[in-house]
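Report on the structure given below.
Treat the numbers as computed from the prediction; the structure is a model and nothing was measured.
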Amino acid sequence: MRQIYNKYLPFIWPVVLIVFLLAAYSTNSLLGYFISVVLFIVALVSPKKAILLLFMYVPIRPFLIELNPSLRLAGDLMIAGAFLHVVWKSRHDLRALVTFHVFEYGYFAFLIIGSFSAIVDRIEIGPIILQLRAFIIFYLIYYIVKRLDIKKEDIIQVLHVFIWTTLLIIIQAIIEKLSVRGLFMPEEWKQLPLSSKNRVRIYGMVGNPNVLGIYLGFAYFLFYYAKKYISQYNTVWMQILQYLTIGIFVLTYSRGTWIGFFIIAVVYIFASHNFALLKKLVIQIAIALVVVVLPINVLTNWIEDTSIGQEKVQNIQKFDVGGSSGFVDRVGGTFSDETITGSQSSGRLFIVKKGFEVFKDYPIMGTGFSTFGDSASLSRISHISAEYEINRQFYSDNQYIQIIVQTGVLGVLSFAVFLLGMLYALLKTTRTKLTKLMIGVVLGAFFMGLVYNLWEADVFTLLFFAFLAVTLNSQSQFQSIHEDLTRS
């Protein structure tokens, strides 16, 4: 019976994806709440299944909840159920529940400082809780997975889930591009006004090209691992999926993500002395540019030149009429005078400049969560806005300036312990291939934090904390899994 279950389990995942999509398109609130409760119960009984479902749900969550908001809490409920399972299972071994790495203490200190500073600054409790949720919810994935018994079949199922989910995301991305944001998208997303340089980017089911790029970058490394070490994945179909993954990754035109994953790849290649991978990567990127990126762009340009296509382009660029768009405009203009001037007047450089102005007035503990450029500050008007002549609500698009402003010197030191502590923990563990990859991921994250609110991005934190937990789990256990997969 168990063998039959394992044989057909990979084909259950596309069925689950279809159920998610049907529930979203039904727009039935009761159905959404019912599915969320069922998923909570599944997590209570089997936290491993909940983690697998999260790998599927989180990357498409923005798409689902745009259609059916009642699915919003499904992820949080699954994490809560899995957490309660772990706590209950270890109820007779409390030491296991409260044993932490140094970097975790740094993270806890950062959260306490940001919260306390916000309370002192008389910020309402609601926004503080909202921001704490953004920072804590996927850390709990690390806490849960670190305390689970990871087996060979669990790794195999993660790969199955990634294959099906990535395939769906890629299909939607291609349709989005070719239909000029007209098909397989929520209605509000179709009406979203974009600048000419952003219009050419693929936003995907995550609703954000930068986050889509992060997801696809992780997916590529997983597919590489699967093809190299598990014979059943060394197929032509997996090769095609890799090329599609690279192609859509390029079409996000996410410059920060490109650089971040370049850092990850370089660190991994040098750490593992796998210089053949560099040659393979260059060849795969070249092939993907020719067989995926070029045909999609040529076909899209032809569609946009039709009367219907031109009308769609004008509707999308309603506030940027006549603006030029394309690969050269998006990437080639990165360091142009126009881009730098715009950044200084209202973009990232403007926010950094304003951030240091605020920091000078609140140097020790900062202004507190929900006051400057975090996800919670988007739901309220901060007193900082009027005081420092900031005329809009915004994401800082720079995790570090946000931390500097909101938590001051104490928060910066605590967050440094968190970041450097993770790197130290990885450096002192057994050097498996996953360990070397995660060292690269941590270093890549150091950079991406300069251009994104990285540690508030659900997709990144889910994948990062899950893989970090597996890496820092019992090393002898993971090593045996790795050797077992290599032989299979």
Side-chain angles (χ1 to χ4, degrees), residues 24-25 59-60 62-67 168-216 244-258 288-343 345-348 392 394-395 397 451-452:
Y25 276 105
I60 64 174
F63 183 92
L64 297 176
I65 65 175
E66 191 66 44
L67 295 168
L168 174 65
I169 287 173
I170 286 173
I171 290 171
Q172 187 277 336
I174 294 173
I175 295 173
E176 173 190 328
K177 183 72 173 175
L178 295 179
S179 67
V180 196
R181 295 179 61 83
L183 296 173
F184 203 2
M185 296 184 72
E187 194 59 37
E188 287 195 17
W189 289 9
K190 295 177 185 178
Q191 304 302 322
L192 182 68
L194 298 172
S195 68
S196 58
K197 290 182 174 63
N198 280 330
R199 179 185 63 76
V200 297
R201 308 175 72 187
I202 292 179
Y203 281 59
M205 299 184 83
V206 300
N208 184 301
N210 301 322
V211 179
L212 176 60
I214 289 170
Y215 174 82
L216 293 173
L244 288 170
T245 300
I246 294 170
I248 303 304
F249 177 82
V250 170
L251 288 169
T252 63
Y253 297 130
S254 180
R255 297 163 297 194
T257 306
W258 289 353
L289 288 174
V290 173
V291 303
V292 180
V293 177
L294 183 60
I296 289 177
N297 272 339
V298 169
L299 189 53
T300 301
N301 289 338
W302 177 80
I303 292 170
E304 289 178 351
D305 285 338
T306 65
S307 58
I308 296 176
Q310 289 176 356
E311 184 179 340
K312 288 183 177 180
V313 169
Q314 290 172 2
N315 184 54
I316 294 170
Q317 291 185 208
K318 61 184 71 174
F319 300 120
D320 189 16
V321 179
S324 57
S325 59
F327 177 85
V328 174
D329 302 298
R330 172 70 194 169
V331 180
T334 300
F335 300 107
S336 67
D337 292 340
E338 180 185 353
T339 300
I340 294 173
T341 301
S343 183
S345 62
S346 61
R348 285 188 173 96
R392 60 189 174 88
F394 61 92
Y395 254 135
D397 282 333
V451 290
Y452 306 133

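If you take CG on Leu212 and CG on Asn208, they are separated by 8.5 Å, rounding to the nearest 0.5 Å. Here CG of Leu244 is found 13.0 Å from CD1 of Ile169. Values are rounded to the nearest 0.5 Å. Atom-to-atom distance recorded for Met205:CE and Ile170:CD1 is 12.5 Å, nearest 0.5 angstrom. Here CD1 of Ile246 is found 9.0 Å from CG of Leu289. Values are rounded to the nearest 0.5 Å. Within the model, atoms CG of Leu192 and CD1 of Ile316 stand 9.0 Å from one another, a figure rounded to the nearest 0.5 Å.
Sorted by first then second residue, the ring-ring contact (aromatic ring centres under 6.0 Å, His included) pairs that include residues 169-197, not counting sequence neighbours, are Phe63-Phe184. Residue pairs that meet the ring-ring contact (aromatic ring centres under 6.0 Å, His included) test with at least one member in residues 290-317, sequence neighbours left out, do not exist here.
Residues Tyr253 and Val200 share a closest heavy-atom pair of CE1-O, 3.6 Å. Closest approach of Pro62 to Val206, counting heavy atoms only: CG-O, 3.3 Å. In this structure, Ala288 and Gly247 approach most closely via the heavy-atom pair CB-N, 4.1 Å. Contact record, Ala24 with Leu67: O-CB, 3.5 Å, taken as the closest heavy-atom pair. Asp397 approaches Arg348 most closely through the heavy-atom pair O-NE, 3.2 Å. Scanning both residues, Leu178 and Ile303, for their nearest heavy atoms gives O-CD1, 3.2 Å.
No more than 12 heavy-atom neighbours from other residues, nucleotides or ligands sit within 6.0 angstrom of CD on Glu311. Counting heavy-atom neighbours within 6.0 Å of Ile308 CD1, excluding the residue itself, gives a total of 12 or less.
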Show the numbers, then the answer: is there a side-chain hydrogen bond (donor to acceptor under 3.5 Å, both in side chains) between Asn210 and Thr257?
CA-CA 6 Å; Asn210 301 322; Thr257 306; 4.7 Å; no
Verdict with reasoning, Ser254 to Tyr452, per side-chain hydrogen bond (donor to acceptor under 3.5 Å, both in side chains):
CA-CA 11 Å; Ser254 180; Tyr452 306 133; 2.8 Å; yes
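With sequence neighbours left out, the side chain to side chain contact (heavy atoms under 4.5 Å, CB included) criterion links Glu176 to Gln172, Arg181, Met185, Ile202, Tyr203. Contacts of Pro193 classified as side chain to side chain contact (heavy atoms under 4.5 Å, CB included), with partners at least two apart in sequence or in another chain: Lys318, Phe319. For Thr245, there are no side chain to side chain donor-acceptor pair (under 3.5 Å) partners two or more places apart in sequence or in a different chain. With sequence neighbours excluded, the residues that form a side chain to side chain donor-acceptor pair (under 3.5 Å) with Gln191 are Glu187. With sequence neighbours left out, Glu188 forms a side chain to side chain contact (heavy atoms under 4.5 Å, CB included) with Glu66. Evaluation of the side chain to side chain contact (heavy atoms under 4.5 Å, CB included) rule for Ile65 yields Tyr57, Arg61, Leu71, Arg72 as partners, not counting sequence neighbours. With sequence neighbours excluded, no residue forms a ring-ring contact (aromatic ring centres under 6.0 Å, His included) with Tyr25.
Under 4.0 Å is where a charged nitrogen must lie from a carboxylate oxygen, and between Glu304 and Lys177 no such pair does.
For the pair Asn198 (side chain) and Leu194 (backbone), a donor-acceptor distance under 3.5 Å is absent.
Paired with Gln317 under the rule side chain to side chain donor-acceptor pair (under 3.5 Å), one option of Lys312, Arg199, Lys197 passes, and it is Arg199.
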